2 protein chains.
Amino acid sequence: MTGSKSLPHQTAPKQTIQRQTGVALWRQIADRIRVAISDGIYDATGMVPPEAVLAAEFEVNRHTVRSALAALAQEGIVRAVQGRGTLIERRDRITFPISKRTRFTPGIGDQARILEGLLLESAHEPATLELAAHLKLKPGEKVIRMEGLRKADGQPVSRSTSWFPAKRFTGIDDAYRATGSVTAAFAACGLADYLRIKTEVSAVHADPSDRQELGLSPGAIVLVTKALNADPDGVPVQYAVTRFPADRVQFTIEN
Amino acid sequence: MTGSKSLPHQTAPKQTIQRQTGVALWRQIADRIRVAISDGIYDATGMVPPEAVLAAEFEVNRHTVRSALAALAQEGIVRAVQGRGTLIERRDRITFPISKRTRFTPGIGDQARILEGLLLESAHEPATLELAAHLKLKPGEKVIRMEGLRKADGQPVSRSTSWFPAKRFTGIDDAYRATGSVTAAFAACGLADYLRIKTEVSAVHADPSDRQELGLSPGAIVLVTKALNADPDGVPVQYAVTRFPADRVQFTIEN
DNA sequence: GGAAATTTGTACGTATGTATC
DNA sequence: GGATACATACGTACAAATTTC
């Protein structure tokens, strides 16, 4: 960031991309445009700049830009209309608040119209060593594992694997299936309140199951949280690993 | 996540990757191995499995695995030795705590031996509309912008752009240059304590300047935080946008 | 110490994908 | 759309270094 920010050129600002790096130019360009749309750069017109302009900005052939836009169209982010241009179909990046009282439904608030919580699968299993340490159980004690998918306005926004102590929360999977809410499911098991003790955040490339379950394209990024919830007495009640599509989700930590 | 987790095969577990997606197979494989190393999957041997085994796991030609390992060797993560195998050189993922009292140096604690904070550049500028809103200044009021780079054990771990109200914190850039610590620089300007008000976290692909400044390979991920610090009375004192290499850094939020 | 097995390094040929003009 | 250049990926074969027995 020493130079490169005050070149008095009259042409469009060149956007650097790298060649021969294992990532095709069209995919690098698609990723950049996706972020630009998320950041609202093109909100004034509701459209992506013309292919020729983008080609000049990235210093590539127009065909390469077309490949990038085709990929974004495939994701449903833009729609090309002959003679008019490339229209932006959606630019939603949902903000998840993380705090002592992290909750999904009220956290999203009015950022989406329709919220869904789906239980994909649940099972009773013995706790692994690592999981037992998190939940303060004896290794091998039974836990309930729940695989969940959350959607906002029909778009997948998170894919989670949660574990609960089986003895204390018998039937929590059925309660979650019925309500689509962890808070409601806890309440059904007699736990009125719970607190977020700890959250770890990292980011990795989407693996094939992420791509399938969250509807992502290859090379996409997923934000990963590993979270521990406890009852008001500090006894662990839930450990969860959740994967969020980074192009649609960000976090905010309010202290 | 429905099946695929309890196949009693005697062969290595197949790892799915996708073809013809704009991301080269060798890069997908390199990214997966990098994460596996970070997660300590190969700690038992201190080595990556033989090329032939990886080739079978990913169902690719051995040459493709070799390209992936060559990229990781280039990053200094592994080192291949003829006849022995491919040794893991480093598997460092630093955890940054985010809390009301987020500080860099004590936060890293004993996770690294050598910590450096470099001031790349500083300047006095009028505040933009957005920045003025964050810092509760009038648009156009002067701010001090500081471009910083932090290293742990010689490896870049963060690249930040910070803004401070210029009137209140005259000379903070010199104080930071001298001490390499924001806390110390604040203290030099008469501010003994400050609190983290808000942190936004997102993740994007590394752009060319990230790659250069953080020493990343193309397709790599950067975690982006946008943070606001305030004095004990709640008056904003610093707004900062920081970019972290996601393969070396994760966050933990303790409530 | 020596032979066999294991593992990485090198070479050549072929087919397909990517990007330019 | 067609021609060209280069990157990617596969297949095979063998050389070189190290470990194992």
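Each chain gets a letter, A, B and so on, in the order its sequence line appears, and its residues count up from 1. All values derive from a computational prediction rather than experimental measurement.
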**Request:** State whether B/Thr86 places a side-chain N or O below 4.0 Å from either non-bridging phosphate oxygen (OP1 or OP2) of C/dT8.
**Result:** yes
**Request:** Return the value, rounded to whole Å, for the distance between atom CG of A/Leu69 and atom C1' of C/dA19.
**Result:** 16 Å
**Prompt:** Could you write nucleotides 13-21 of chain D as a row of B, S and -, 5' to 3', where a protein heavy atom under 4.0 Å of any base atom gives B, of only sugar-phosphate atoms gives S, and otherwise -?
**Reply:** B--BBBS--
**Message:** For a quick check of understanding: with a heavy-atom distance under 4.0 Å over all strands, which category does B/Ser67 fall into, base, sugar-phosphate or nothing?
**Reply:** nothing
**Request:** Starting at atom CD of B/Glu59, determine the distance to atom P of D/dA9, rounded to an integer number of angstrom.
**Result:** 15 Å
**Pair B/Glu213 + B/Arg243, salt bridge at N-O below 4.0 Å** = no
**Message:** Holding to salt bridge (charged side-chain N to carboxylate O under 4.0 Å, His left out), I want the full list of residues that pass it with B/Glu125, two or more places apart in sequence or in another chain.
**Reply:** B/Arg145
**Request:** Kindly state which residues belonging to residues 43-52 of chain B come within less than 4.0 angstrom of DNA chain C, counting heavy atoms of the residue only, listed by number.
**Result:** B/Pro50, B/Glu51
**Donor-acceptor side-chain pairing of B/Gln250 and B/Thr95 below 3.5 angstrom** = yes
**Item:** Residues in side-chain contact (heavy atoms from CB on, under 4.5 Å) contact with A/Thr64, at least two apart in sequence or another chain
**Value:** A/Leu25, A/Trp26, A/Ile29, A/Val60, A/Asn61
**Non-neighbouring partners of B/Ser158 that pass side-chain hydrogen bond (donor to acceptor under 3.5 Å, both in side chains), sequence neighbours left out** = none
**Item:** Listed partners of B/Val35 passing side-chain contact (heavy atoms from CB on, under 4.5 Å), at least two apart
**Value:** A/Val204, B/Asp39
**Request:** Write down the distance between CD1 (A/Ile29) and C1' (C/dT18), rounded to a whole number of angstrom.
**Result:** 12 Å
**Asked** From the list D/dC10, C/dC21, D/dA9, which nucleotide is the closest neighbour of the side chain of A/Asn61?
**Response** C/dC21
Determine all donor-acceptor pairs shorter than 3.5 Å in which one atom belongs to a side chain in residues 130-140 of chain A; sequence neighbours excluded.
| residue | atom | partner | partner atom | Å |
| --- | --- | --- | --- | --- |
| A/His134 | NE2 | A/Tyr239 | OH | 3.4 |

**Request:** Rounded off to whole Å, could you give me the CD-to-C1' distance for the A/Gln28 and C/dT18 pair?
**Result:** 12 Å
**Request:** List for me each residue that meets salt bridge (charged side-chain N to carboxylate O under 4.0 Å, His left out) alongside B/Arg66, sequence neighbours excluded, and say none if there are none.
**Result:** B/Glu51
**Prompt:** Which nucleotide sits closest to the side chain of B/Leu25: D/dA9, C/dT20, C/dT8?
**Reply:** D/dA9
**Request:** For B/Arg27, check salt bridge (charged side-chain N to carboxylate O under 4.0 Å, His left out) against everything at least two apart and list the hits.
**Result:** B/Asp31
**For atom CZ of A/Phe58 and atom P of C/dT20, their distance in whole Å** = 13 Å
**Prompt:** Just how far, in rounded Å, is P of D/dC10 from CG of B/Leu54?
**Reply:** 14 Å
